[in-house]
Student: 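Let me give you the structure first, and then I'll get to my questions.
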Amino acid sequence: MAEPGGGRPVTVSDVQQLVRRKDEIEAQIKACYELLEGQKGVGMHEPLVDAEGFPRSDIDLYQVRTARHNIICLQNDHKALMKQVEEALHKLHAREKEKHAKDEAEALAEAMSQSQSLPQAFAKVNTVTPGSPASVSGLQVDDEIVEFGSVNANNFQNLQNIATVVQHSEGRPLSVTVIRGGRRVHVGLTPKRWAGKGLLG
């Protein structure tokens with residue numbers, strides 16, 4: 001986001017530089033006030049002439065006038081600088097906000113494209129018996145099955161398809177793909193006889 005007038009975007013170091021300049025001006029103003037204080041405590045508005053209207057002889061008039069003039073100029077600079085600091089901070093925050101919104105939009109787009117690229121599930125795991133071949137392989141309840149050996153959403157008709165694959169694959173590892181928590185997970189499952197019912201559990 002370039003600045004109006006084709007400048008470059010405001011950075012944190014720009015703001016730090018402005019703040020340093022502000023501190024320098026404040027130090028200069030303080031020094032000028034100390035100088036006035038040293039001249040018999042004349043401030044910005046005490047008269048520089050005596051009761052008879054003659055220039056005061058107890059103070060260095062030139063120094064006082066110069067200090068007063070410098071204070072006025074520095075205060076104007078300070079005011080302008082404070083405005084710049086405020087604007088720079090505002091631009092910086094606006095840019096951060098814009099960047100944050102862009103990051104969020106990108107993350108959302110990524111999530112959307114991920115969910116679109118996930119294959120279609122044709123069955124869902126309702127139960128997994130502890131100690132069963134299914135449990136040992138790492139299958140979990142609520143896993144959505146997208147591939148079970150040669151069976152997928154395109155050729156699946158009923159659970160008999162899966163039963164057939166299981167019977168033909170006893171003792172041989174089957175490649176099973178599930179969707180878990182929005183991500184594709186591969187599980188190696190070997191149907192075999194165990195203490196419970198069936199070859200999977």
Side-chain angles (χ1 to χ4, degrees), residues 1-121 124 138 140-144 146 177-187:
M1 188 179 91
E3 299 305 294
R8 60 185 182 77
V10 172
T11 63
V12 174
S13 67
D14 290 340
V15 176
Q16 288 169 337
Q17 217 172 332
L18 287 172
V19 170
R20 272 200 297 276
R21 179 86 187 96
K22 172 188 83 77
D23 292 343
E24 282 167 22
I25 290 178
E26 284 170 359
Q28 288 173 319
I29 292 174
K30 187 167 176 280
C32 289
Y33 270 117
E34 280 169 2
L35 195 143
L36 290 179
E37 201 55 46
Q39 294 288 333
K40 303 263 188 286
V42 292
M44 289 295 285
H45 307 291
E46 278 72 17
L48 301 184
V49 290
D50 58 21
E52 278 94 51
F54 291 105
R56 286 175 56 175
S57 57
D58 58 337
I59 55 174
D60 183 332
L61 288 176
Y62 177 75
Q63 261 197 338
V64 170
R65 283 210 175 97
T66 306
R68 283 182 174 182
H69 174 73
N70 287 346
I71 286 172
I72 291 165
C73 292
L74 287 166
Q75 280 177 337
N76 287 337
D77 290 350
H78 186 263
K79 203 165 152 188
L81 200 62
M82 287 307 287
K83 197 168 177 338
Q84 273 180 285
V85 169
E86 199 179 315
E87 278 173 15
L89 282 172
H90 183 69
K91 281 174 188 164
L92 205 59
H93 287 310
R95 229 183 51 248
E96 279 303 314
K97 210 164 150 188
E98 198 176 282
K99 184 178 176 296
H100 182 65
K102 193 166 158 244
D103 289 348
E104 270 190 355
E106 277 171 13
L108 190 66
E110 172 117 352
M112 293 287 282
S113 71
Q114 282 242 327
S115 65
Q116 280 161 5
S117 64
L118 287 174
Q120 195 185 341
K124 191 172 188 175
Q140 295 178 9
V141 173
D142 287 339
D143 279 351
E144 295 179 53
V146 290
T177 305
V178 300
I179 295 173
R180 181 183 298 160
R183 302 233 307 282
R184 197 191 290 219
V185 178
H186 293 286
V187 179

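Just so it is clear, the values below take in all heavy atoms, side chains as well, and ignore hydrogens, waters and symmetry mates.
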Student: With a 4.0 Å cut-off, would you call K30 and E26 a salt bridge?
Tutor: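 E26 and K30: not salt-bridged.
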Student: Nearest 0.5 angstrom please: Q17 CD to R20 CZ, how far?
Tutor: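 Rounded to the nearest 0.5 Å, the CD-CZ separation comes to 6.0 Å.
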Student: Over all heavy atoms of both residues, which pair between C32 and I71 is shortest? Give the atoms and the distance, please.
Tutor: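 Looks like CB-CG1, 3.3 Å.
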Student: Thinking salt bridges, do K102 and E98 make one under a 4.0 Å N-O criterion?
Tutor: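 No, K102 and E98 are not salt-bridged.
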Student: What pairs with D14 under salt bridge (Lys or Arg N to Asp or Glu O under 4.0 Å), at least two apart in sequence or on another chain?
Tutor: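 D14 satisfies salt bridge (Lys or Arg N to Asp or Glu O under 4.0 Å) with R8 once adjacent residues are dropped.
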Student: In the structure I gave you, are the side-chain heavy atoms of Q16 and V12 within less than 4.5 Å of one another anywhere?
Tutor: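 Result yes, sub-4.5 Å side-chain heavy-atom pair found.
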Student: More than 12 foreign heavy atoms under 6.0 Å from NE2 of H186: is that the case here?
Tutor: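 Enclosed.
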Student: Side chains of L35 and T66, heavy atoms from C-beta outward: is any pair under 4.5 Å?
Tutor: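 No, their side chains stay 4.5 Å or more apart.
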Student: How many angstroms lie between atom CD of Q140 and atom CZ of R180, to the nearest 0.5 angstrom?
Tutor: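 Spacing of CD (Q140) from CZ (R180) equals 3.5 Å.
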Student: Could you check Q28 against N70 for side chain to side chain contact (heavy atoms under 4.5 Å, CB included), going step by step and ending with a plain yes or no?
Tutor: CA-CA 9 Å; Q28 288 173 319; N70 287 346; over 6 Å; no
Student: Keeping R68 on the side-chain end and G43 on the backbone end, is there a donor-acceptor pair under 3.5 Å?
Tutor: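 Side chain of R68 to backbone of G43, a donor-acceptor pair under 3.5 Å: yes, one is there.
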Student: For E86, I'd like to know if atom CD has over 12 heavy atoms of other residues, nucleotides or ligands within 6.0 Å.
Tutor: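 Result for CD/E86: open.
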Student: Do you know which two heavy atoms are closest between L18 and A88, and how far apart they sit?
Tutor: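 Shortest heavy-atom contact: CD1-CB, 4.0 Å.
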Student: So that I can tick it off, tell me whether E24 and R21 are bridged by a salt bridge, with the cut-off set at under 4.0 angstrom between side-chain N and carboxylate O.
Tutor: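 Yes, charged N to carboxylate O under 4.0 Å.
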Student: Does R95 reach the main-chain N or O of V10 with its side chain, forming a donor-acceptor pair under 3.5 Å?
Tutor: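 It does hold such a pair.
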Student: To the nearest 0.5 Å, what is the distance between CZ (R65) and CG (D60)?
Tutor: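 The distance works out to 10.5 Å.
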Student: Measure the shortest side-chain to side-chain distance between K83 and E87 over non-hydrogen atoms and say whether it is less than 4.5 angstrom.
Tutor: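 Yes, close enough: below the 4.5 Å cut-off.
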Student: Does a sphere of radius 6.0 Å around CD in Q120 hold more than 12 heavy atoms from other residues, nucleotides or ligands, not counting ones at 6.0 Å or beyond?
Tutor: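 No.
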Student: With V19, which residues qualify under side chain to side chain contact (heavy atoms under 4.5 Å, CB included), at least two apart?
Tutor: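 In terms of side chain to side chain contact (heavy atoms under 4.5 Å, CB included), with neighbours along the sequence ignored, V19 is linked to V15, K22, D23, V85.
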Student: Would you call I59 and V42 a side-chain contact if the rule is heavy atoms closer than 4.5 Å?
Tutor: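 Yes - at least one pair of side-chain heavy atoms lies under 4.5 Å apart.
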Student: Are any non-hydrogen side-chain atoms of I72 and M44 less than 4.5 angstrom apart?
Tutor: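 I72 reaches M44 side chain to side chain.
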Student: Return yes if some donor-acceptor pair links the side-chain N/O of R56 with the main-chain N/O of D50 below 3.5 Å, else return no.
Tutor: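 Looks like no, no N/O pair under 3.5 Å.
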Student: Test side chain to side chain contact (heavy atoms under 4.5 Å, CB included) on V185 and D143; report intermediate values, then the result.
Tutor: CA-CA 9 Å; V185 178; D143 279 351; over 6 Å; no
